[in-house]
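This report concerns only the one structure given below.
In this chain, residues are counted from 1 in sequence order.
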Amino acid sequence: MIINQAVLYTHLLDTMKDFYVNSLDFPLIAASPRSFSIKVGESELTFKESSLHTKPFYHFAFNIPANRFMEAKQWATQRVFLNTESEKDEIYFEAFDAHSFYFEDPAHNIVEYISRHSDCPSSKEPFSSKSLLCIGEINLTTPHVHSVGTQLINSGITVRNNRLLNATFNFLGSGSAFFLVGTPKRRWFFSNRDSEVHPLMAKVNHSLTVALDEEGMLKITQE
């Protein structure tokens, strides 16, 4: 699966733009008074100003080259404070053969940089923001896990390793990109924040638009 674009919402539009463009050096693709978009390798990430008088936050992951994890971590620590879990600021996921570290942006999105050693290519270039490969994960938090998961499966986005849908949390996707479909009020790993339902949109595989509304209901359209 490929996540071509993700559209998220924020109550701190100008602060977020400054953080991603000036602090983290992401290439700015587009900007308007109500939104901005940055380049994340082969993906595009857009933040829109929230009109719901809420403070949205999400979990998303950026894939980084398979051989650049430590260099990426050193690069990040010069710009942000890394989150910790059990006094550690990184983790190895044996099931994914991947290393990750986490931090929060000004809107308290839980941002993950993940090096999938078996699924991501290596790079000969020194690490920078231009080294990011694509968006690798994004959450779909919903009280309707079974129906949302079933809609994705029916659209060809299956549970990882062809497992059955879990009632509380699932990875749906393949290769190096996944939707994290789970219930509200779950604590996000490497944070003290519980998952909440917030609207978002994602374009995947150059053909599907996946839109989650503020109630956690999903709409999928085929281009």
Kindly write out the residues that satisfy side-chain contact (heavy atoms from CB on, under 4.5 Å) with Glu196, not counting sequence neighbours, or none if the list is empty.
Phe57, His198

Do the non-hydrogen side-chain atoms of [X] and [Y] ever get within less than 4.5 Å of each other?
X: Val7; Y: Leu200; result: no
X: Ser50; Y: Thr10; result: no
X: Leu82; Y: Thr77; result: yes
X: Met1; Y: Ile157; result: yes
X: Phe62; Y: Phe26; result: yes

Ring pair (Phe, Tyr, Trp, His ring centres under 6.0 Å) partners of [X], counting only residues at least two apart:
X: Phe127; value: Trp75
X: Phe190; value: Tyr102
X: His117; value: His99
X: Phe93; value: none

Looking at Tyr113, does the NZ or CZ of Arg68 lie under 6.0 angstrom from its six-membered ring centre and within 45 degrees of the ring axis?
no

For [X] and [Y], does a side-chain donor sit closer than 3.5 Å to a side-chain acceptor?
X: Asp97; Y: Tyr92; result: yes
X: Glu49; Y: Ser35; result: no
X: Asp105; Y: Asn109; result: yes
X: Asn166; Y: Thr168; result: yes

Between atom CD of Gln74 and atom CZ of Phe69, what is the distance when rounded to the nearest 0.5 Å?
10.5 Å

Charged N to carboxylate O under 4.0 angstrom, Lys73 versus Glu90?
yes

Just do the side-chain contact (heavy atoms from CB on, under 4.5 Å) check on Ile114 and Arg116 with the steps written out, would you?
CA-CA 6 Å; Ile114 181 167; Arg116 304 176 192 272; 3.8 Å; yes

Quick check on ring pair (Phe, Tyr, Trp, His ring centres under 6.0 Å): which of Phe169, Phe60, Phe96 does Phe178 satisfy it with?
Phe96

Are Met201 and Val148 grouped together when hydrophobic residues (ILVMFWY) are joined by side-chain heavy atoms under 4.5 angstrom apart?
no

According to a 4.5 Å side-chain heavy-atom criterion applied to Ile, Leu, Val, Met, Phe, Trp and Tyr, with indirect links allowed, do Leu8 and Ile110 form part of one hydrophobic cluster?
no

Would Val159 and Ile153 count as a side-chain contact (heavy atoms from CB on, under 4.5 Å) here? Give the steps.
CA-CA 7 Å; Val159 182; Ile153 291 169; 4.0 Å; yes

Linked hydrophobic residues, Ile2 as query - side chain contacts closer than 4.5 Å:
none

